[in-house]
Visitor: 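Below are the structure tokens for one structure; questions will follow.
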Amino acid sequence: MGAYCGARAIHACVAVAAGLLWMTTTRRAHAQDLDLVWQAPETCPPGEQVKSDFQRSLRLSPGYVPPHLSATAVVDHTGGRWFLHLHTVRNGIEGNREIEADSCTSLARAAALVLTLALGEGDLDQQPAPINKEPAPAAPVAAPAPAAPAPAAAPPPAVRGPLRWSPTLEGRAARGPLPGTALGVGAGVDLRATWWALSARAESWPSVSQGHAPGVQTTFEGVGGGLSFCVLGSPASFVVFALCGGLQAVALHGDSSGAGSQGIVSPRPKFAPWYAALTSLRARVPLFDAVHLEVGFELAESLFRPEFAIGLGDVYVVPELSPSAVAGVSVDL
């Protein structure tokens, strides 16, 4: 009889241990059901630290099967502030979130918290207590002491919208479409996302005067604009580069007058439209707060080349390629 009882006790212990091992293995597998790509400067916490914070804050109820979660997190340091661009895929459903904080450590903790909530249940302070099926004798219970007030929770990091407007003022030096080198001014606005931007510009070149012959004065001026689509470099870099392509349209005005050796030149003003395919390379450097320095190089290729009669028999033709250098400032709204 004693041997029989001992065998039953051993079998019961083995069954309990197997059940506990199964529960622990299942819980860890659920806690690691996360694919995380962490892109951040070297001064930030590593991705393994984010995963560790995620697993430490994750709590799963018995029987709950968490969904599969993939996440790509990109940290950007701009204007003395830290920004987190988080893209998640949960059971095939995509989501985007942007978070702003004073430090990269705060962003890493916020990323772990957001990923914990995205997995389905979030951080549960207590697990449900097991139900005791056998009634226990009632015991006298003393009145509980009043609970201490909970400390005020820290405010969550500010959340930024996925799109930002950036008004821009700039100056430019161009060789073409006007004769020689012309100085102009421009203003516009950019609609910026994480990896792309739309750019609109209005441009003006004041009067450019040249003497093609003694006594003959030629004047050119122009006003126009352009629209471009840009692909942005990594937002985690200090300098953000952009490669842009678009179209440019300019209204040109040319006039010449005076008296040359071959006779008197009557004023012959002419207006002509000029259209060009525009390619540009830009760089964006933070100055302070939301103010950035914008520099770039543009190359406009004429779709057709207007002609202007100047002087006595001379003709000016807009060049096929017109390079220009641009510098200005922008402000993120």
Side-chain angles (χ1 to χ4, degrees), residues 38-45 73-86 96-108 110-111 155-174 181-206 225-246 248 278-300 323-333:
W38 179 258
Q39 300 177 7
E42 296 180 355
T43 56
C44 292
V74 179
V75 178
D76 178 15
H77 187 207
T78 303
R81 301 284 293 174
W82 293 86
F83 304 99
L84 172 67
H85 313 275
L86 183 62
N96 291 285
R97 190 180 184 92
E98 297 201 7
I99 303 175
E100 177 181 351
D102 295 329
S103 67
C104 192
T105 301
S106 299
L107 280 185
V159 178
R160 299 180 52 177
L163 299 178
R164 285 169 288 172
W165 294 95
S166 300
T168 303
L169 293 176
E170 59 188 25
R172 55 180 56 237
T181 301
L183 300 179
V185 294
V189 64
D190 294 339
L191 177 61
R192 307 179 67 87
T194 304
W195 299 105
W196 60 268
L198 286 177
S199 179
R201 294 289 186 273
E203 306 157 1
S204 175
W205 290 274
L227 184 64
S228 301
F229 177 81
C230 304
V231 177
L232 307 182
S234 172
S237 304
F238 180 75
V239 180
V240 178
F241 292 93
L243 181 62
C244 307
Q248 187 176 20
L278 188 63
T279 304
S280 60
L281 178 63
R282 303 177 184 177
R284 196 169 194 252
V285 183
L287 295 178
F288 53 89
D289 293 335
V291 181
H292 295 75
L293 172 67
E294 305 271 356
V295 295
F297 174 79
E298 297 181 353
L299 184 63
S324 60
V326 183
V329 292
S330 64
V331 180
D332 288 344
L333 301 181

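This structure is a prediction, so every number in the text was calculated from the model and none was measured.
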Visitor: What distance separates Arg284 CZ from Leu232 CG, expressed to the nearest 0.5 Å?
Guide: 9.0 Å

Visitor: Can you run down the salt bridge (charged side-chain N to carboxylate O under 4.0 Å, His left out) pairs that involve residues 193-204, sequence neighbours left out, and say none if there aren't any?
Guide: Glu170-Arg201, Arg172-Glu203, Asp190-Arg201

Visitor: When rounded to the nearest 0.5 angstrom, what distance separates OG1 in Thr279 from CG in Leu243?
Guide: 7.5 Å

Visitor: Taking atom OG of Ser234 and atom CG of Asp76, what is their separation to the nearest 0.5 Å?
Guide: 7.5 Å

Visitor: Considering non-hydrogen atoms only, spot the tightest contact between Thr78 and Pro286 and give its length.
Guide: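 Closest approach of Thr78 to Pro286, heavy atoms only: CG2-CB, 4.2 Å.
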
Visitor: Is any side-chain heavy atom of Val326 closer than 4.5 Å to one of Arg282?
Guide: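 Answer no - side chains too far apart.
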
Visitor: Name the one of Thr194, Leu86, Leu163 that satisfies side-chain contact (heavy atoms from CB on, under 4.5 Å) with Glu98?
Guide: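 Per the side-chain contact (heavy atoms from CB on, under 4.5 Å) rule, the option paired with Glu98 is Thr194, out of Thr194, Leu86, Leu163.
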
Visitor: Determine whether Pro41 and Val75 make a side-chain contact, defined as any pair of heavy atoms from C-beta on separated by less than 4.5 Å.
Guide: yes

Visitor: Under the side chain to side chain contact (heavy atoms under 4.5 Å, CB included) test, which residues partner Ala283, sequence neighbours left out?
Guide: Val239, Phe241, Val295

Visitor: Could you check if a side-chain atom of Cys104 sits within less than 4.5 angstrom of a side-chain atom of Thr43, using non-hydrogen atoms only?
Guide: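 No, too far: nothing below the 4.5 Å cut-off.
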
Visitor: For Trp196, does the CH2 atom sit with more than 12 other heavy atoms under 6.0 Å from it, leaving out its own atoms?
Guide: yes

Visitor: If you round to the nearest 0.5 Å, how far is CH2 of Trp82 from CD1 of Ile99?
Guide: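 Separation between the atoms: 15.0 Å.
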
Visitor: Measure the shortest side-chain to side-chain distance between Ser166 and His292 over non-hydrogen atoms and say whether it is less than 4.5 angstrom.
Guide: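 They are not in contact (no side-chain heavy atoms under 4.5 Å apart), so the answer is no.
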
Visitor: Does Ala108 offer a backbone N or O that forms a donor-acceptor pair with the side chain of Trp38 under 3.5 Å?
Guide: no

Visitor: How many angstroms lie between atom CG of Leu287 and atom OG of Ser330, to the nearest 0.5 angstrom?
Guide: 8.5 Å

Visitor: Answer yes or no: is there a side-chain heavy-atom contact under 4.5 Å between Val285 and Phe238?
Guide: yes

Visitor: Mind checking whether Trp165 and Leu191 have side chains closer than 4.5 Å, heavy atoms only?
Guide: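 The answer is yes, as the side chains (C-beta and beyond) meet within the 4.5 Å cut-off.
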
Visitor: So, for Asp332 and Arg164, which heavy atoms are closest and what is the spacing to 0.1 Å?
Guide: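 Of all heavy-atom pairs spanning Asp332 and Arg164, the closest is OD2-NH1, 4.2 Å.
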
Visitor: Quick one: CG on Leu299 to CG on Leu281, what's the gap to the nearest 0.5 Å?
Guide: 11.5 Å

